[in-house]
Amino acid sequence: MGSESLKSYLAKRDFDRTPEPSGAKTAKQTDRPVFVVQEHDASSHHFDFRLEVDGVLVSWAVPKGPSLDPRDKRLAVRTEDHPLDYRDFEGVIPEDEYGGGTVSVWDGGPYRNLMAEKDAPLSMAESLETGHIEVWLDGEKLTGGFVLIHAKMGGDEKNWLLKKLDDDTADARRKPARTQMKSVLSGRTIAEITDDEA
Ligand code: MN
């Protein structure tokens, strides 16, 4: 299933030109599945929210980034699955390539599938299929429960909503997507990564 779902990722990229991982080498799967959020200063700035599911990173582009306020509904546009080793990718994609712009590893860590703990347990793949995903994130900036809902706003299949669950980790005052801008991988901001690689 993994390689099948990477077809779209591979078709969009020329690996002679982009420094992104080709997915050719199999990244080590960890004991606990991981999530990663990458800040991506592309033609329009956004955050890429990715969850490891069955050996790939299932991905959404979140224009405003995740919020810790359960009242905020953040548009999350489903994008192509990415290879697992993309979780460590930080660098500059050339301007004329797909997704051209700088990428930083904004947050990441292990996560837990909360739907697997319900009375009628669902795997991540089943949750994706039903369009309702609940996960507990253990990141540096993001911790606690988050929900992704396949709301299909405007009739568009790609449109999901990302929302903080209203648990003890909810915090309407902290705005990590605006105030905590350093990479958890290198401590650099997008501007510093861009300068370093120029
Ligand atoms: Mn992106």
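In listed order, ligands and their atoms are each counted from 1. Note that this is a predicted model, so its numbers are computed, not measured.
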| message | Under a 3.5 Å distance rule, please check whether Asn113 uses its side chain to pair with a backbone N or O of Leu122 as donor and acceptor. | response | yes

| task | Could you tell me which N, O or S atom of His40 is nearest to the Mn ion (ligand 1)? | result | ND1

| said: Under 4.0 Å between a side-chain nitrogen and a carboxylate oxygen: does that hold for Arg32 and Asp138? | reply: yes

| Is the backbone N or O of Gly131 less than 3.5 Å from a side-chain atom of Trp160, with the two atoms forming a donor-acceptor pair by type? | no

| Tell me, which N, O or S atom in His46 is closest to the Mn ion (ligand 1)? | NE2

| Is a side-chain N or O of Tyr111 found less than 3.5 angstrom from the main chain of Glu52, in a donor-acceptor match? | yes

| message | Between the Mn ion (ligand 1) and Asp48, which N, O or S atom of the residue is the nearest one? | response | OD2

